[in-house]
Chemist: 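Here it is, the structure in full.
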Amino acid sequence: MPELPEVETYRRFIDETSLYQTITEVEVQDPKRQLQVDLDDFRKVLRGNQFTGTQRIGKQLFLLTAQGPIVTMHFGMTGDVGYYRDAADTPRFARAIFHFETGFKFAFIDSRKFGRLGLTQSVDTFRQQKKLGPDALTLSTEELTQGLARKKSAIKPLLLDQRIAPGVGNWIADEVLFQAQLEPERPAHTLQPTEIDRLATSIREVLEIAAEAIYRDFPSHYLIHAREWDEAPSSTITNAHLNCPRCQMLIQKKYVGGRATYFCPNCQM
DNA sequence: CAGATTGTTAGGAG
DNA sequence: ACTCCTAACAATCT
């Protein structure tokens with residue numbers, strides 16, 4: 001489930017643990033699937049090299065190295081990071097392991113193997129190739145207006161489009177639309193300037209709060225509390241509902257753009 | 001245990 | 001050539 005706030009947490013974790021140690025070896029469990037360059041090339045670039053810093057655009061992470069090439073890292077749906085010394089502490093589902101000469105290891109953990117590792121020469125080149133938009137955390141109303149221009153499809157799938165607002169994922173998109181009081185299926189081209197402004201503000205606010213909050217500590221007016229029942233250990237009912245924190249109406253669930261979408265039919269228009 | 005889940009993208013339709 | 005939409009991908013958890 002890593003969305004922008006978690007990837008930012010991973011970035012800081014790497015900054016705090018894994019910089020300026022010489023890499024001695026790299027293991028990749030399933031390079032054919034998860035490594036976008038040849039494994040031998042990847043090793044050649046990294047052995048004897050060091051990580052020197054990190055950058056993030058949306059959910060995409062970049063690990064800068066002393067010798068120039070940059071490791072790209074995307075966490076897919078289940079990616080995580082780990083740092084340890086003893087082989088016995090190797091995290092379950094460690095899919096790539098970077099060994100340092102200090103004896104410590106950095107692990108790219110990813111149970112479902114949707115994450116990707118690769119190399120690029122520059123963050124800017126990569127950004128252009130992937131057509132990544134301006135990071136959602138600092139997305140301005142003007143940038144969002146530009147991104148949505150002439151788009152006829154439903155607003156929610158557009159929020160998930162990394163060319164428009166990289167960093168917004170499925171539950172954050174629902175939260176953003178709830179806070180902005182916009183219906184997930186509203187065609188983008190019907191949004192008024194004031195609504196786009198509201199939307200841009202909500203994107204920044206939700207991401208800022210998500211960056212700090214532990215999941216269960218989100219403000220009580222947040223929709224996330226209405227989707228947590230789904231994952232609540234005690235719940236066995238699949239179509240239970242919680243009430244809208246704003247108007248108390250039952251929160252609805254439907255599929256928009258093929259993704260589970262929670263919304264309040266009364267508050268969001 | 002069948003079904004839901006998650007982000008991204010290939011490919012098809014229009 | 002472009003936009004839009006669906007489904008596939010892996011693996012786990014419920």
Side-chain angles (χ1 to χ4, degrees), chain A residues 1-10 28-36 56-62 72-81 91-96 107-118 120 126-133 135-137 146-176 184-191 203 206-207 210 215 223-224 226-241 251-262:
Chain A
M1 14 159 130
E3 298 199 23
L4 185 150
E6 288 130 307
V7 177
E8 177 61 17
T9 303
Y10 300 166
V28 184
Q29 188 188 88
D30 190 352
K32 212 174 144 191
R33 182 163 301 285
Q34 298 201 269
L35 188 60
Q36 297 173 308
R56 181 191 58 74
I57 302 174
K59 304 168 200 166
Q60 186 72 50
L61 198 61
F62 302 92
T72 60
M73 202 170 270
H74 193 291
F75 295 92
M77 303 191 290
T78 54
D80 201 350
V81 291
R92 199 180 172 204
F93 308 126
R95 304 301 189 189
F108 176 83
I109 306 165
D110 184 13
S111 68
R112 297 184 195 179
K113 300 211 273 191
F114 273 24
R116 296 290 179 267
L117 298 172
T120 188
F126 187 91
R127 160 190 262 144
Q128 284 167 13
Q129 280 168 357
K130 293 281 181 175
K131 301 186 167 73
L132 290 177
D135 191 71
L137 191 55
Q146 188 63 32
L148 298 180
R150 296 176 301 280
K151 293 290 194 299
K152 290 183 184 138
S153 73
I155 184 63
K156 172 162 178 184
L158 290 174
L159 287 180
L160 298 176
D161 187 334
Q162 303 300 293
R163 294 167 299 184
I164 296 174
V168 176
N170 198 40
W171 79 255
I172 286 185
D174 284 357
E175 190 66 60
V176 162
E185 288 183 292
R186 263 290 283 284
H189 70 286
T190 68
L191 291 176
I203 291 171
V206 170
L207 287 174
Y215 276 93
L223 180 72
I224 188 171
R227 61 188 307 161
E228 275 193 340
W229 52 257
D230 233 10
E231 297 161 24
S234 58
S235 173
T236 51
I237 307 163
T238 50
N239 55 353
H241 289 285
I251 292 299
Q252 305 281 305
K253 176 183 180 180
K254 66 176 166 183
Y255 286 83
V256 178
R259 303 332 287 195
T261 299
Y262 296 78

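The structure presented is a predicted model; accordingly, all values stated were derived computationally and were not measured. Reminder, nothing fancy here: chain letters follow the sequence lines and each chain counts from 1.
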Chemist: How would you list, by chain and number, every residue that makes a side-chain hydrogen bond (donor to acceptor under 3.5 Å, both in side chains) with A/D161, sequence neighbours excluded?
Modeler: A/R163
Chemist: Give each protein N/O atom lying under 3.5 Å from an N/O atom of nucleotides 10-12 of chain C, with the pair distance.
Modeler:
from: C/dA10; atom 1: OP1; to: A/R33; atom 2: NH1; distance (Å): 3.4
from: C/dA10; atom 1: OP1; to: A/R33; atom 2: NH2; distance (Å): 2.7
from: C/dA10; atom 1: O4'; to: A/R112; atom 2: O; distance (Å): 3.2
from: C/dA11; atom 1: OP1; to: A/K113; atom 2: NZ; distance (Å): 2.7
from: C/dA11; atom 1: N3; to: A/R112; atom 2: NE; distance (Å): 3.3
from: C/dT12; atom 1: O2; to: A/R112; atom 2: NH2; distance (Å): 3.1

Chemist: Donor-acceptor pair, A/Q60 side chain versus A/I57 backbone, under 3.5 Å?
Modeler: no
Chemist: Just report the end-to-end axis angle for the helix from B/dA2-C/dT14 to B/dG14-C/dC2, five pairs per end, to 10 degrees.
Modeler: 50°
Chemist: Whole Å only: how far is the OH atom of A/Y255 from the P atom of B/dG3?
Modeler: 12 Å
Chemist: Just the atom pairs and distances: protein N or O near nucleotides 8-14 of chain B's N or O, under 3.5 Å.
Modeler:
from: B/dT8; atom 1: OP1; to: A/H74; atom 2: NE2; distance (Å): 2.3
from: B/dT8; atom 1: OP2; to: A/K59; atom 2: NZ; distance (Å): 3.0
from: B/dT8; atom 1: OP2; to: A/Q162; atom 2: NE2; distance (Å): 3.2
from: B/dT8; atom 1: O4; to: A/R259; atom 2: NH1; distance (Å): 3.1
from: B/dT9; atom 1: OP1; to: A/K130; atom 2: NZ; distance (Å): 3.0

Chemist: Taking only residues two or more places apart in sequence, or in another chain, which ones meet A/Q29 in a side-chain hydrogen bond (donor to acceptor under 3.5 Å, both in side chains)?
Modeler: A/R95
Chemist: Sequence neighbours left out, what passes side-chain contact (heavy atoms from CB on, under 4.5 Å) with A/R56? Give chain and number order.
Modeler: A/L4, A/V7, A/E8, A/R11, A/L61, A/D135, A/L137
Chemist: Sequence neighbours excluded, which residues qualify as side-chain hydrogen bond (donor to acceptor under 3.5 Å, both in side chains) partners of A/R33?
Modeler: none
Chemist: Go through the structure and list residues passing side-chain contact (heavy atoms from CB on, under 4.5 Å) with A/S111, not counting sequence neighbours.
Modeler: A/T78, A/F93
Chemist: Test of understanding: with side-chain hydrogen bond (donor to acceptor under 3.5 Å, both in side chains), list the residues that count as partners of A/K113, not counting sequence neighbours.
Modeler: A/D30
Chemist: Roughly how many Å is it from CG in A/D161 to C1' in C/dC5, rounded to a whole number?
Modeler: 12 Å
Chemist: CH2 of A/W171 versus C1' of B/dA4: gap in Å, rounded?
Modeler: 19 Å
Chemist: Output all residues satisfying ring-ring contact (aromatic ring centres under 6.0 Å, His included) with A/F126, sequence neighbours left out; order by chain, then residue number.
Modeler: A/F62
Chemist: So what does A/G169 hit on the nucleic acid, given a heavy-atom distance under 4.0 Å: a base, only sugar-phosphate, or nothing?
Modeler: sugar-phosphate
Chemist: To the nearest 0.5 Å, what is the distance between CG on A/L223 and CD1 on A/I172?
Modeler: 12.5 Å
Chemist: Given atom CD1 of A/I155 and atom C1' of C/dC5, what is their separation to the nearest angstrom?
Modeler: 16 Å
Chemist: List in chain and number order the residues that pass ring-ring contact (aromatic ring centres under 6.0 Å, His included) with A/F108, two or more places apart in sequence or in another chain; answer none if no residue qualifies.
Modeler: A/F75
Chemist: Just to verify, what does A/K254 make a side-chain contact (heavy atoms from CB on, under 4.5 Å) with, not counting sequence neighbours?
Modeler: A/E183, A/E185, A/V256, A/F263
Chemist: May I have the distance from A/D174 (atom CG) to B/dT5 (atom P), rounded to whole angstrom?
Modeler: 11 Å
